[in-house]
Amino acid sequence: MKKYQEIFYKLKQQIQAETYPVGNFLPSEHELMALYGVSRDTVRKALKNLQEEGLIRKIRGQGSQVIQEETVNFPVSNLTSYQELVTELGLQSKTNVVSLDKIIIDKKTALLTGFPEFRLVWKVVRQRVVDDQVSVLDTDYLDMELIPRLSRDIAEQSIYAYLEGELKLVIAYAQKEITIDKARDHDKILMDIGKDPYVVSVKSKVYLQDGRQFQFTESRHKLEKFRFVDFARRQQADPH
């Protein structure tokens with residue numbers, strides 16, 4: 001085992017044993033170098049592993065703070081926008097718009113999204129940052145026939161608030177598919193998934209009250225950040 005791995009496991013054990021409780025700071029890099037008799041590079045590799053496991057966060061000018069990695073209950077059945085969920089749960093979160101493009105649906109994208117070939121749509125890629133980590137990567141396709149105008153500001157705030165408030169569209173229901181997928185290079189680049197080889201993928205086709213599909217979205221979630229919950233009611237048998 002390499003020296004940085006030894007330091008990583010030692011610090012991990014101390015964090016789990018609450019030698020360094022949540023909210024406290026680990027010794028500084030200089031103190032860790034002196035304590036273990038290693039170089040700054042070795043210490044930084046150990047701290048990087050702790051950060052990737054969600055055990056610490058780096059705060060500029062202060063050091064490495066021990067954090068508690070909490071899961072967020074994500075309602076599967078409800079058709080809730082991300083911003084509505086953030087408000088309801090009181091999360092510290094922000095949205096980064098990675099890209100906003102106009103594209104034409106091709107054969108491959110038609111199979112994925114449910115939109116017909118040659119349909120003109122908006123493609124929006126957004127990072128959802130929770131507790132200073134990119135925990136969700138959303139890719140949305142939105143029908144330009146129903147949504148002729150879209151801006152980065154709207155995408156950063158709430159697309160649903162814009163659709164319902166300004167465009168007066170009535171969003172009714174969604175078909176969802178939830179899978180555990182192998183992390184793609186795209187996920188590793190745009191999300192803080194560390195060494196986790198998997199993400200949770202939630203694909204949704206979303207429809208208006210009149211039955212028209214206006215959106216397809218794929219949300220890729222950091223595996224240990226969200227707990228997906230549902231409410232199930234048993235269907236009563238017909239007594240006749």
Side-chain angles (χ1 to χ4, degrees), residues 74-86 95-129 134-191 193 198-223 226 228-232 235:
F74 196 97
V76 176
S77 296
N78 294 349
L79 185 47
T80 306
S81 75
Y82 182 81
Q83 291 300 335
E84 289 168 341
L85 182 65
V86 164
T95 296
N96 297 327
V97 179
V98 178
S99 60
L100 171 60
D101 300 297
K102 298 176 184 179
I103 69 165
I104 298 172
I105 295 291
D106 58 19
K107 184 175 292 186
K108 182 179 177 181
T109 316
L111 290 173
L112 171 69
T113 65
F115 288 121
E117 276 189 79
F118 310 115
R119 180 65 57 87
L120 195 60
V121 300
W122 297 103
K123 181 180 179 182
V124 189
V125 179
R126 294 178 288 180
Q127 295 171 314
R128 310 296 197 173
V129 183
V134 181
S135 300
V136 183
L137 184 64
D138 281 343
T139 303
D140 291 284
Y141 298 83
L142 298 143
D143 191 341
M144 286 188 64
E145 189 175 306
L146 297 167
I147 307 156
R149 187 182 74 84
L150 193 63
S151 68
R152 295 181 74 92
D153 284 344
I154 291 169
E156 189 175 295
Q157 298 303 315
S158 173
I159 291 176
Y160 274 22
Y162 168 65
L163 300 186
E164 293 174 319
E166 291 196 32
L167 300 187
K168 307 303 180 185
L169 297 177
V170 181
I171 301 168
Y173 62 94
Q175 295 174 335
K176 296 188 179 185
E177 174 188 298
I178 302 174
T179 56
I180 306 296
D181 291 357
K182 261 195 164 180
R184 307 168 185 158
D185 290 341
H186 198 58
D187 301 321
K188 295 172 184 176
I189 293 168
L190 294 176
M191 294 175 67
I193 59 174
Y198 297 100
V199 297
V200 180
S201 168
V202 182
K203 298 183 181 75
S204 304
K205 295 176 182 177
V206 194
Y207 299 83
L208 299 177
Q209 193 173 47
D210 60 12
R212 288 180 294 173
Q213 181 187 349
F214 74 93
Q215 178 189 31
F216 171 85
T217 183
E218 181 177 13
S219 295
R220 296 178 72 80
H221 298 252
K222 189 176 176 183
L223 196 59
F226 294 89
F228 293 82
V229 296
D230 196 3
F231 176 80
Q235 185 174 347

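Since we're looking at a predicted model, the values are computed, not measured. Counting begins at 1 with the first residue of the sequence.
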- Task: For residues Lys176 and Ser204, report the shortest heavy-atom separation together with the two atoms involved.
- Result: CG-OG, 3.4 Å
- Could you note down all residue pairs passing side-chain hydrogen bond (donor to acceptor under 3.5 Å, both in side chains) where residues 106-115 supplies at least one of them, sequence neighbours left out? Asp106-Thr109
- Step by step, would you call Gln213 with Val206 a side-chain contact (heavy atoms from CB on, under 4.5 Å)? CA-CA 6 Å; Gln213 181 187 349; Val206 194; over 6 Å; no
- Message: Looking at Asp210 and Arg212, would you say the former's side chain and the latter's main chain have a donor-acceptor pair under 3.5 Å?
- Response: yes
- Task: Could you grab the distance from atom CG of Leu208 to atom CD of Gln215, nearest 0.5 Å is fine?
- Result: 10.0 Å
- Task: Search all heavy atoms of Arg149 against all heavy atoms of Tyr162 and return the closest pair with its distance.
- Result: O-OH, 3.0 Å
- Might you point out which heavy atoms bring Leu146 and Leu169 nearest each other, and give the distance in Å? O-CD1, 4.2 Å
- Query: Looking only at heavy atoms, which two atoms of Arg152 and Val98 are closest? And how far apart?
  - Reply: NH2-O, 4.0 Å
- Tell me, with the steps shown, if Ile105 and Phe118 meet side-chain contact (heavy atoms from CB on, under 4.5 Å). CA-CA 5 Å; Ile105 295 291; Phe118 310 115; over 6 Å; no
- Message: Checking His186 against Leu137 for the side-chain contact (heavy atoms from CB on, under 4.5 Å) test, could you report, in this order, the C-alpha distance in whole Å, the side-chain angles of both residues, the deciding distance, and whether it holds?
- Response: CA-CA 9 Å; His186 198 58; Leu137 184 64; 3.8 Å; yes
- Do Arg184 and Glu218 sit within salt-bridge range, that is, some charged N less than 4.0 Å from a carboxylate O? yes
- Message: Return the OG to CD1 distance between Ser135 and Ile193, rounded to the nearest 0.5 Å.
- Response: 11.0 Å
- Task: Enter the distance from Lys205:NZ to Tyr141:OH here, rounded to the nearest 0.5 Å.
- Result: 13.0 Å
- Message: For Asp187, is there an ion pair with Arg220 - N to carboxylate O distance below 4.0 angstrom?
- Response: yes
- Take Met144 and Lys102 through the side-chain contact (heavy atoms from CB on, under 4.5 Å) test and state the conclusion after the steps. CA-CA 8 Å; Met144 286 188 64; Lys102 298 176 184 179; 3.8 Å; yes
- Item | Trp122 and its side-chain contact (heavy atoms from CB on, under 4.5 Å) partner, picked from Asp101, Leu142, Ile103 | Leu142
- Note on the structure: Output for pair (Ser201 OG, Glu177 CD), nearest 0.5 Å, gives 7.0 Å
- Within a strict 4.5 Å, meaning less than it, do heavy atoms of the Leu163 and Ile159 side chains meet? yes
- Message: Below 30° counts as parallel, above 60° as perpendicular, anything between as tilted: where do the rings of Tyr173 and Tyr207 land?
- Response: parallel
- Query: Can you tell me how far NE2 of His221 sits from CD1 of Ile178, rounded to the nearest 0.5 angstrom?
  - Reply: 8.0 Å
- Indicate yes or no: does Asp140 engage Lys123 in a salt bridge with an N to O separation below 4.0 Å. no
- If every non-hydrogen atom of Pro116 is compared with every non-hydrogen atom of Ala110, which pair is closest and at what distance? C-CB, 4.4 Å
- Side-chain donor-acceptor pair under 3.5 Å between Asp153 and Ser151, yes or no? no
- Message: Looking only at side-chain N and O atoms, does Thr95 offer a donor or acceptor that is under 3.5 Å from a partner on Arg126?
- Response: no
- Is it the case that more than 12 heavy atoms not belonging to Ile104 sit under 6.0 Å from its CD1 atom? no
- Task: To the nearest 0.5 Å, tell me how far Thr217 OG1 sits from Lys203 NZ.
- Result: 11.0 Å
- Min side-chain heavy-atom separation Phe216-Val121 under 4.5 Å: no
